[in-house]
Amino acid sequence: MVKKKKALFLDADYSVNDNKTYARLLVKGKKRTRLLFQYDPYFYADAVGKKDVVAELKVKKHGESISVKKVEVVTKIVDGKEKELLKIYCNKPADVVALRESVPFKCYEHRIHYGRRFMLDFGIRPFSIIHYEREGNIISKIRKVDEENNRIKLDKIAFDIEVYNPLGAPREKKDPAIMISYFGEKKGVITYKQAKKSFVHVCKNESEMITGFENKIAELDPDVIYGYNSGNFDLPYLKARADVLKIKLALGKGGKSFRMIRKGMISGAKIPGRIHLDLYPAVRFFGFIGMVKAQVFTLENIYAEITGKKKKMVQRLAIWEMWDKGDLEELAEYSLGDSEVTYELGEHIYPLLEELSKITRMPLFDTGLATSGQLVESLLMSESVPRNEIIPPRPSGGEAMERQKNPIEGAFVKLPDPGIYDNIAVFDFRGLYPSIIISYNIDPFRLLEKGKHGDSFESPTGARFMKKPKGLIPFTLESLLDLRAGIKKTLKEMSKGSEKYKKAYARSHALKILANSFYGYLGYARSRWYSRECAESVTAWGRMHILDAAKKAENAGFKVLYADTDSLFLLLGDKGKKHALAFLESINKNLPEKMELELENFYTRGVFVSKKQEEKGAKKKYAMLAEDGSIKIRGFELVRRDWSKIAKDTQYLVLEIILKEGDKDKAIKVVKETIKKLKEGKAALSDLIIYTQLTKHPKNYEIINPEVAAARKAVAKGVPLEKGSIVPYVIGRSGKSISDKAEYADYAKDYDPDYYINNQVLPAVMKILKELGCDEDELKNKGKQKSLNHFLE
DNA sequence: GCGAGCAGCGTACCT
DNA sequence: ACAGGTACGCTGCTCGCG
């Protein structure tokens with residue numbers, strides 16, 4: 001019987017039955033389910049003249065005879081030009097690979113995953129509503145696809161496990177999991193030692209606990225499962241325990257546990273039939289794009305950073321002791337707390353991930369693991385299909401290496417004169433690179449060959465871009481920006497805090513993240529749309545516009561204090577704000593429509609310091625006081641995680657005193673106090689921790705810097721540090737070199753006051769004090785020990 | 001054998 | 001594994017000196 005239905009689309013992969021391929025759709029109507037839809041995989045080949053030969057092609061692979069299902073001649077746009085191609089249909093996705101290898105012609109789109117192919121061809125994106133007719137679990141017809149969904153909500157749950165860890169780091173073959181907590185509509189803790197709490201379910205043993213969790217997931221049947229580092233810790237650990245105990249771990253549909261998948265360098269665990277969202281990689285991504293600033297990426301710290309709330313959480317090192325002591329009530333409480341925090345964090349992040357997923361058409365699970373390159377790639381791929389453009393292939397490894405070896409000239413940064421300044425106006429170009437790409441139609445397939453002119457824009461590099469028609473990249477980028485402009489308007493009329501507002505805000509944010517990634521993607525070595533000429537032209541036009549604005553500012557009587565990429569810092573001098581705004585207007589009159597210089601803010605005072613070794617000013621380092629009393633600080637040690645809190649706090653105080661009071665003696669007094677505290681051994685170790693990320697496994701370093709030395713010592717004690725870990729360490733008293741003295745923070749017993757005075761506090765404040773005229777010659781000519789003595793007099 | 005000077009590695013920041 | 005531009009600490013090497 002045929003039934004007309006509609007459901008929320010979530011993801012697609014495939015299944016093969018009787019040599020026929022079905023798209024297997026994960027959808028949610030009343031309940032979440034999987035449906036099948038027959039659709040043939042295919043690829044393209046540049047072999048129109050050989051249609052008959054190709055149609056008869058037969059290949060043997062692994063003893064199986066593979067043949068072409070059907071061949072059509074189609075017209076596609078290849079590298080910007082129309083071209084006839086063969087569209088070669090296959091029976092199974094694996095046949096695409098086998099047949100393409102035996103087709104001795106140039107092939108296209110043969111490496112696009114089947115699930116993605118299906119979504120692209122049917123114009124379906126995650127969270128689309130699809131209207132369909134079905135017989136059993138087979139879709140016979142897709143009637144239409146809607147974008148709007150206000151009714152179907154996803155059910156979410158967060159979970160967390162605790163493991164027995166007498167050595168600090170648990171050993172998955174030996175150390176049992178001891179507790180599993182979950183939090184969502186329902187909450188609870190499963191364990192196997194007595195704990196008198198209403199939310200605790202006590203089992204007999206570890207096996208029962210794991211099975212109990214499995215049953216709980218089946219019963220609650222969440223669509224989305226949140227975890228924090230669950231893809232690389234909780235789930236693999238539970239699986240390892242299940243294997244040791246010879247039991248199953250079925251968290252997904254059909255008795256499956258999960259499948260480890262790699263998206264580039266990032267790995268994750270895919271639970272079949274659900275959406276497993278590991279918040280850790282998502283948060284790392286937000287950190288990478290500068291949206292989240294954090295010293296360390298622990299759940300506790302990120303929760304505080306993102307929600308602004310503090311919560312007591314499980315101290316990993318103490319877990320096994322609590323378990324041995326039978327302190328289960330407290331452990332259960334903490335464990336549930338961790339799940340709750342994970343849930344709350346998930347709900348904070350979720351709207352943005354959903355919007356990124358919708359816009360880029362990348363399934364939510366993949367979006368949670370994606371890099372900006374993958375997001376932009378996914379978006380451009382889905383825009384290519386309706387434009388009938390062939391999706392360019394990814395470059396080979398060699399090609400990517402070659403691209404990486406030849407970097408593209410970037411932005412202009414003006415050398416500032418060090419000093420303290422009053423009355424500064426800061427302007428910046430709104431979305432400089434995106435607006436350049438759109439204004440000059442910068443696209444790899446709108447690039448004219450050398451010597452050809454036509455109706456084109458000529459970049460400062462000499463490259464020429466056809467004015468019409470709009471290229472894929474400027475077109476897509478412009479739609480993002482137009483969409484965003486529309487949303488920003490509606491946001492103003494919404495009440496903050498409402499669901500609608502949150503959604504729209506997340507959407508606007510997602511659009512911004514994507515728009516800002518386009519230039520990077522053009523110059524990204526592994527990009528499908530890499531173009532040296534395009535990326536070079538973007539930055540060249542960028543330099544041209546900022547230098548032009550700077551020159552006009554000088555002509556208008558302003559002194560240009562500083563400029564970086566798209567920003568311009570002007571000294572107002574004897575001119576008022578009105579003059580500055582008039583200057584702004586005059587600049588904007590002569591810019592292309594999509595480009596605009598904006599007022600960022602006025603500042604009453606600013607500090608620019610000199611470089612450490614030279615007299616020249618330091619770029620990308622300044623502090624300014626806004627009229628509302630807030631301080632904008634960039635580049636200083638105090639914004640860096642690899643400086644100790646004590647040095648950063650002292651530097652902040654000195655900056656604040658200079659900006660707000662200009663009182664040199666007061667600043668010196670603050671520094672002296674800090675030094676005294678350090679000398680007397682009264683500084684708290686927690687204020688002395690330096691955080692540094694490892695970009696390799698600790699064993700892979702040739703030069704043993706302090707963080708590597710500390711990490712190696714910690715690894716020897718069982719701390720699981722690896723590539724990407726952030727190492728907290730303290731410089732202690734024992735040892736010769738600084739590396740010798742570096743100790744992993746958890747194991748630090750003492751500190752070296754000389755190091756913290758001479759290598760942390762003094763370097764952080766000296767350059768600033770120098771701008772106050774603080775014994776310049778003395779500071780410049782004498783060694784660190786001398787200047788120290790000067791302070792302690 | 002030892003310290004000074006320096007190159008290069010490595011990290012985190014800015015836009 | 002998104003771009004380039006930039007500052008700067010630390011190690012480990014070279015070199016000159018004795």
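Please read all numbers here as calculations on a predicted model, not as lab measurements. Each chain gets a letter, A, B and so on, in the order the sequences are listed, and its residues count up from 1.
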- Roughly how many Å is it from CG in A:Leu694 to P in C:dC10, rounded to a whole number? 16 Å
- Item | Residue-level proximity of residues 355-374 of chain A to DNA chain C when a heavy atom falls under 4.0 Å | A:Thr371, A:Ser372, A:Gly373
- Query: Would A:Asp564 and A:Lys620 pass as an ion pair if we require N to O under 4.0 Å?
  - Reply: yes
- Task: Mind checking A:Thr539 for me? I need base, sugar-phosphate or nothing, with any heavy atom below 4.0 Å counting as a touch.
- Result: nothing
- Task: Would you tell me if any nitrogen or oxygen in the side chain of A:Arg526 comes within less than 4.0 Å of OP1 or OP2 on C:dA1?
- Result: no
- Is it true that atom NZ of A:Lys512 has more than 12 heavy atoms of other residues, nucleotides or ligands lying nearer than 6.0 Å? no
- Kindly state whether the ring of A:Tyr433 and the ring of A:Phe518 have centres lying under 6.0 angstrom apart. no
- Polar side chain donor-acceptor pair, A:Arg262 to A:Ser267, under 3.5 angstrom: no
- State, without any angle test, whether A:Lys770 and A:Ser610 hold a side-chain donor-acceptor pair at a distance under 3.5 Å. yes
- Query: Between B:dT11, B:dC9, C:dG9, which one does the side chain of A:Glu707 approach most closely?
  - Reply: B:dT11
- Query: Side-chain donor-acceptor pair under 3.5 Å between A:Ser644 and A:Gln760, yes or no?
  - Reply: yes
- Task: Looking at every strand, decide which applies to A:Lys414 at a 4.0 Å heavy-atom threshold: base, sugar-phosphate, or nothing.
- Result: nothing
- Query: Counting side-chain heavy atoms from C-beta on, which of C:dC10, B:dG10, B:dC13 comes nearest to A:Tyr755?
  - Reply: C:dC10
- Starting at CD1 of A:Ile690 and ending at P of B:dA12, how long is that distance when rounded to a whole Å? 12 Å
- Task: Please list, by residue number, the residues of residues 616-625 of chain A whose heavy atoms come closer than 4.0 Å to an atom of DNA chain C; answer none if no residue qualifies.
- Result: A:Lys619, A:Lys620, A:Lys621
- Contact class for A:Gly520 vs. all strands (heavy atom < 4.0 Å): base, sugar-phosphate, or nothing? base
- Item | Proximity to the side chain of A:Asn705 - top-ranked nucleotide from C:dC2, C:dG5, C:dC10 | C:dC10
- Task: Flag the pair A:Phe558 / A:Phe583 as yes when their ring centroid distance falls below 6.0 Å, and as no otherwise.
- Result: yes
- Task: Take atom CD1 of A:Ile289 and atom C1' of B:dC13, then tell me their distance rounded to the nearest Å.
- Result: 16 Å
- Look at all strands and tell whether A:Ser739 reaches a base, only sugar-phosphate, or nothing, counting heavy atoms closer than 4.0 Å. sugar-phosphate
- Which residue lies toward the 5' end of DNA chain C, A:Ile408 or A:Arg640, if each is placed at its nearest nucleotide? A:Ile408
- Note on the structure: Checking C:dG5, C:dT11, B:dA12 against the side chain of A:Val413 (C-beta onward), the nearest is C:dG5
- Just compare B:dG10, C:dC2, C:dC10 and give me whichever is closest to any side-chain atom of A:Lys696. B:dG10
- A:Ser517 near the nucleic acid: base, sugar-phosphate alone, or nothing, with a heavy-atom cut-off under 4.0 Å? base
- Looking for any heavy atom pair under 4.0 Å, which part of the strands does A:Lys263 touch: base, sugar-phosphate only, or nothing? nothing
- Query: Distance from A:Thr565 atom OG1 to A:Asp428 atom CG, nearest 0.5 Å?
  - Reply: 10.5 Å
